Visitor: 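Okay, here's the structure, questions in a sec.
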Number of protein chains: 2
Amino acid sequence: MNIGAVAKASGVSAKMIRHYEQIGLIGHSPRTEAGYRQYQERDLHTLKFIRSARDLGFSLDQIHQLLSLWYDEKRSSAEVKQLAESHLSDLDERIQALSAMRDALVRLSESCCGDDRPDCPILEGLAGHGPPDVY
Amino acid sequence: MNIGAVAKASGVSAKMIRHYEQIGLIGHSPRTEAGYRQYQERDLHTLKFIRSARDLGFSLDQIHQLLSLWYDEKRSSAEVKQLAESHLSDLDERIQALSAMRDALVRLSESCCGDDRPDCPILEGLAGHGPPDVY
DNA sequence: CGTTGACCTTCCCATGATGGCAAGGTCTAG
DNA sequence: CTAGACCTTGCCATCATGGGAAGGTCAACG
């Protein structure tokens with residue numbers, strides 16, 4: 001399989017596959033005489049795995065660890081679970097942060113009637129208090 | 001006020017203040033003979049505004065628009081509200097996306113007992129099905 | 001056999017918001 | 001006068017990804 005084929009089949013762009021190879025996330029693939037990268041079914045599995053992990057928001061660094069665990073038959077599932085839980089905390093934090101922004105913004109936005117007049121509680125809220133000095 | 005003073009007072013790092021100046025988010029401040037940037041109360045207000053907007057997750061580009069509206073006494077609050085609502089949609093989307101990841105990951109993680117054995121539904125879930133080929 | 005179009009290669013640059021570091025100039029207090 | 005705190009610019013790094021250019025390769029079709 002050429003890179004375009006695995007890219008399509010795995011859902012990982014060719015660009016990214018090359019990048020993953022360069023940063024060592026995946027191994028160097030063999031090349032044809034012309035220098036074309038050649039991939040096997042096994043590589044496709046790996047790329048699909050990476051794609052799934054990306055879809056769950058794991059960082060490439062975490063995926064590196066996940067792949068190591070995947071390849072390691074002597075792993076303990078506890079190691080995997082710990083990684084997952086750690087990422088879960090991260091997701092929770094990010095959701096919390098965004099939700100806090102959302103709530104604050106909703107509060108501001110609700111207090112603004114959104115008409116033709118310039119008075120706007122949103123801007124006032126951002127400014128801390130009162131209208132700005134003339135600029 | 002030197003840059004360090006406004007930085008401390010506004011909560012925006014000196015580094016970022018220089019950056020905001022460079023990208024045109026804020027104007028070029030006057031300089032002392034030695035080349036030190038000099039700031040007024042007005043600038044402090046602006047930086048606090050920017051800081052608040054960043055805290056709500058607005059992009060620098062959006063903040064640019066917000067500042068223009070803030071300075072524009074002929075604005076309509078509708079314009080401001082539209083910007084806010086647009087950002088709100090963005091936040092909602094991001095929260096949705098992260099929550100979807102979270103939910104999927106929770107489901108996977110719950111199915112993994114996390115013990116000493118290598119069998120791990122998390123890895124299997126990422127792989128799509130079954131254990132990987134030997135690598 | 002030749003050309004065309006789809007594919008591949010590498011290399012460089014861009015994103016967005018921020019931080020770090022280095023080399024050098026300035027200012028202030030002791 | 002000097003030490004230390006502050007300022008300047010400039011370059012590089014993050015993180016994951018995309019874009020594009022310049023050039024090589026391959027397969028199919030006439």
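Just so it is clear, the structure is predicted and the values come from calculations on it, not from any experiment. By convention in this document, chain letters (A, B, ...) are assigned in the order of the sequence lines, proteins followed by strands, and residues within each chain are numbered from 1.
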Visitor: Of all heavy-atom pairs between B:Ser52 and A:Leu126, which one has the smallest distance, and what is that distance?
Guide: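 Smallest interatomic distance, heavy atoms only, reads OG-O, 3.2 Å.
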
Visitor: Going hydrophobic residue to hydrophobic residue with side-chain gaps under 4.5 angstrom, can you get from B:Leu83 over to A:Leu98?
Guide: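 Yes: a chain of side-chain contacts under 4.5 Å links B:Leu83 to A:Leu98.
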
Visitor: Could you tell me whether B:Glu21 and B:Arg31 have a side-chain N and a carboxylate O separated by less than 4.0 Å?
Guide: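 Yes.
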
Visitor: 5'-most contact on DNA chain C: B:Ser59 or B:Glu33, nearest heavy atom basis?
Guide: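 Its nearest nucleotide being more 5', the pick is B:Ser59.
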
Visitor: Strictly below 4.0 Å, N to O, side chains only: are A:Arg51 and A:Asp55 in salt-bridge contact?
Guide: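 A salt bridge links A:Arg51 with A:Asp55.
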
Visitor: Regarding B:Asp61, tell me which of base, sugar-phosphate or nothing describes its non-hydrogen contacts under 4.0 Å with the strands shown.
Guide: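 It contacts nothing in the nucleic acid.
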
Visitor: Any side-chain N or O of A:Arg54 below 4.0 angstrom from OP1/OP2 of D:dC15?
Guide: no

Visitor: Using heavy atoms and a sub-4.0 Å distance, could you list which residues of residues 3-22 of chain B are near DNA chain C? By number, please.
Guide: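 Correct list: B:Ser13, B:Lys15, B:Met16, B:His19, B:Tyr20.
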
Visitor: Would A:Arg107 and A:Asp103 pass as an ion pair if we require N to O under 4.0 Å?
Guide: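 A:Asp103 and A:Arg107: not salt-bridged.
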
Visitor: Quick check on DNA chain C: between B:Ala34 and B:Phe58, whose nearest nucleotide comes earlier from the 5' end?
Guide: B:Phe58

Visitor: I want to check something: taking the side chain as every heavy atom from C-beta on, are B:Gln38 and B:Ser29 in contact at a cut-off of under 4.5 Å?
Guide: no

Visitor: Nearest whole angstrom, please: distance from the P of C:dG16 to the NE2 of B:His64.
Guide: 13 Å

Visitor: Can you identify which nucleotide, out of D:dT17, C:dT18, C:dT9, has its nearest atom closest to the A:Leu60 side chain?
Guide: D:dT17

Visitor: Take the protein atom CE of A:Met101 and the nucleotide atom P of C:dA17, then report the distance between them rounded to whole Å.
Guide: 12 Å

Visitor: Rounding to an integer number of Å, can you tell me how far B:Gln38 CD sits from C:dC27 P?
Guide: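 B:Gln38 atom CD is separated from C:dC27 atom P by 10 Å.
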
Visitor: Under 4.0 Å between a side-chain N/O of B:Arg31 and OP1 or OP2 of D:dT9, yes or no?
Guide: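 Indeed, a polar side-chain atom of B:Arg31 lies that close.
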
Visitor: Check this for me: does any side-chain nitrogen of one of B:Asp115 and B:Arg117 sit under 4.0 Å from a carboxylate oxygen of the other?
Guide: yes

Visitor: Grab the CG-P distance between B:Asn2 and C:dC27 for me, whole Å please.
Guide: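 Going from CG in B:Asn2 over to P in C:dC27 covers 9 Å.
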
Visitor: Rounded to the nearest Å, what distance is computed from the OH atom of residue A:Tyr36 to the P atom of nucleotide D:dG24?
Guide: 12 Å

